[in-house]
Amino acid sequence: MEESLLIEKAVRGDLDAFNQLVLTYQNMAFNLAYRIMSDDAAAADATQDAVISMYRKLDSYRGGSFKAWFMRIVTNACYDELRKRKRRPTIALEPETDDGDIIESPDWLADPSPSHEEEIMNAQLEKAIQNCLDKLDEKFRTVIVMVDISGQDYETVADVIQSPVGTVKSRLSRARIKMQECLRRSGELLPAKYRLNAEDDDA
Amino acid sequence: MLRPEQVTLRDLELLSCSLDNALSLEEQVEFKKRLAQSPHLRQKLEEQKQLKRALSALPARRLPRNFTLTRAEAQKAKKRGFLQPLFGWASAVMALAVMVVFGREVLFNNFAAQKAAPQAEQASYSLDSVVMEEASMMEEDELAGENDTVYLINWAGGGMGGGALDGMGGATYQQGSSGVSLNISVADIKNAELSDTAAGMTTTAEGSAIDVQEPVNPPNTGGGALTIEPAETTAQMPEDVQPEEARADANREAPAIFGIDPANLGQVIAEAPFEELPSEASETSIEEEVQSQEEAAYPENALREGSFGWVKWALLAAALLLGLVWLILKIKSRN
């Protein structure tokens, strides 16, 4: 069934049509939420909140890209959740040394059956990237996640963040530079193959 | 050859856009030119290509569950979404009503105060002038030993000009088609033969000329000049009457005019003996009396004032209560 028809039915109150739309975009929504929040449970909560919020706001949908509209609701839900977390900081469930220092990458968290060394390295790279994403401001993080990870075009991102395309270009450029600098600093933890600026470091 | 510090933000933005094939033709030409000039920029380009590849290669997270809504969840979502706006709008409407009610009250009070102030000033002026006039008359009595003379001046809109009643000040009534009809009667209050001593003045129909008429063969003064001549007193005071007694006599008999009712032109509406001229306390009592008379005449006004006061506080309480509920619902929905 065409998306426009589903949207029309959903706006009229058809729950099945609405759920069909959710199924279409939930994977993208959850991944976007995860990259913004860096936590599976929080991303799931934010996605669920976004779906409920979208159901409530269906009457206010005024056409345009439904995907962008939904992603905007998801990013707003993520920002709300992040603000709540800032107000109520949680205690990390990570082991500490006797001095109170957190032990990074503890052995008990490691996958007991790693199939290949490459997978482990990929996981480390992903972790490094996610750490650098977490250090970015929300506005830069959203743009780089949507363009480089979700593969959205500039117009869609501009629609999501409700800013001109020029703003998207500018934020994306700065986000990439910041990411590059961050990964360069953490690159020493990765094998040479996975360093983003291996040539530069070798020189 | 560009040095690294010569790479601008514009170059980096073009570089970023080139990764996404988002450059226009002109921008492509510009970027290629800059790229050829700067090995540093070329190195940046390679690094960012690598970053983009790494980011796009990140594995998608597996969904922990489906995020579709059940019927119960949908109903709950709609219900929750219905109550909050309802209370929000209700509180907004109540707040608006409260603003209107209180604003009206403030405006009305200010307007009424502005309107009442000149009236009070006018009243006190009238009373003062009466006292001054009386004092002046008393002096004249003492000096000249003459009887006091009271001037009655009535005025009204065009066509409604009227004067004192016949035989009570020599009133002259003239029907005017336009303009203002002005009647001035000069009368000796104590004189029993008032009609013989009265003088009247009437404007013409157009209100352009003012004539002064004497009761017996009144000569027209002409030229629109206003001249008022007090009538001669016909009742002479006996010589053995002392000035004090004369003043007491005058106080007892001379009226004081407090107002003019257009519907009863030419008639004395209220009068009071001079010994009861109002002091400040008596002015207050007059106001209170007027108020009580108004309340007696229009009991529904007093009733409306009472119920209106109760309603406005009820509105304020309702607005606050609804706003509080809306705030609680909003906080709950955010958490």
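By convention in this document, chain letters (A, B, ...) are assigned in the order of the sequence lines, proteins followed by strands, and residues within each chain are numbered from 1. Predicted model only: the values in this text are computed from it and were never measured.
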Undergrad: Can you tell me how far CG of A:L183 sits from CG of B:L55, rounded to the nearest 0.5 angstrom?
TA: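 The distance works out to 7.5 Å.
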Undergrad: Can you tell which part of B:L14 gets under 4.5 Å to a heavy atom of chain A, answering side chain, backbone, both or neither?
TA: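 For B:L14, no heavy atom lies under 4.5 Å from chain A.
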Undergrad: Would you give me the side-chain donor-acceptor pairs under 3.5 Å for residues 160-175 of chain A, sequence neighbours excluded?
TA:
| unit_1 | atom_1 | unit_2 | atom_2 | d |
| --- | --- | --- | --- | --- |
| A:S163 | OG | A:I161 | O | 3.3 |
| A:S173 | OG | B:L12 | O | 3.4 |

Undergrad: Could you tell me whether B:R53 and A:D148 make a salt bridge, using a distance below 4.0 angstrom between a side-chain N and a carboxylate O?
TA: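 No.
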Undergrad: Quick one: do B:R62 and A:D40 make a salt bridge, cutoff under 4.0 Å?
TA: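 Not counted as a salt bridge, because no side-chain N and carboxylate O are separated by less than 4.0 Å.
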Undergrad: Looking at side-chain heavy atoms only, is the closest gap between A:R184 and B:E47 below 4.5 Å?
TA: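 The answer is yes; the side chains approach within 4.5 Å.
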Undergrad: Measuring from atom CE of A:M179 to atom CG of B:L51, what distance do you get when rounded to the nearest 0.5 angstrom?
TA: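 Output value for this atom pair is 5.5 Å.
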Undergrad: Hey, is CG on B:L9 packed in by over 12 heavy atoms from elsewhere, all under 6.0 Å?
TA: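 No.
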Undergrad: Quick one: closest heavy-atom pair of B:T68 and A:Q26, and the distance?
TA: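 Of all heavy-atom pairs spanning B:T68 and A:Q26, the closest is N-OE1, 4.4 Å.
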Undergrad: Taking A:R35, A:K57, A:M28 one by one, which has the highest count of heavy-atom pairs under 4.5 Å against chain B?
TA: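 Most pairs with chain B among the choices: A:R35.
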Undergrad: For atom CZ of B:F87, is the number of surrounding heavy atoms from other residues, nucleotides or ligands below 6.0 Å larger than 12?
TA: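 No.
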Undergrad: Please rank B:L58, B:L69, B:L15, B:T70 by heavy-atom pairs under 4.5 Å with chain A and give me the top one.
TA: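 Sorted descending by pairs with chain A, the first entry is B:L69.
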Undergrad: Relative to chain B, which of A:L15, A:I52, A:V51, A:I177 shows the most heavy atom pairs under 4.5 Å?
TA: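 Looking at each option in turn, the highest pair count goes to A:L15.
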Undergrad: Treating A:R176 as the side-chain partner and B:S16 as the backbone partner, does any N or O pair qualify as donor plus acceptor under 3.5 Å?
TA: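 Yes.
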Undergrad: Chain B heavy atoms under 4.5 Å from A:Y55: which part of the residue, side chain, backbone, both or neither?
TA: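 Backbone plus side chain of A:Y55, per the 4.5 Å heavy-atom cut-off to chain B.
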Undergrad: Between A:V145 and chain B, which part of the residue has a heavy atom less than 4.5 Å away: side chain, backbone, both or neither?
TA: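 It is neither, since no heavy atom gets under 4.5 Å.
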Undergrad: Quick check: closest heavy atoms across B:N66 and A:Q48, and the distance to 0.1 Å?
TA: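 Looking at all heavy atoms of both residues, the shortest contact is O-OE1, 4.4 Å.
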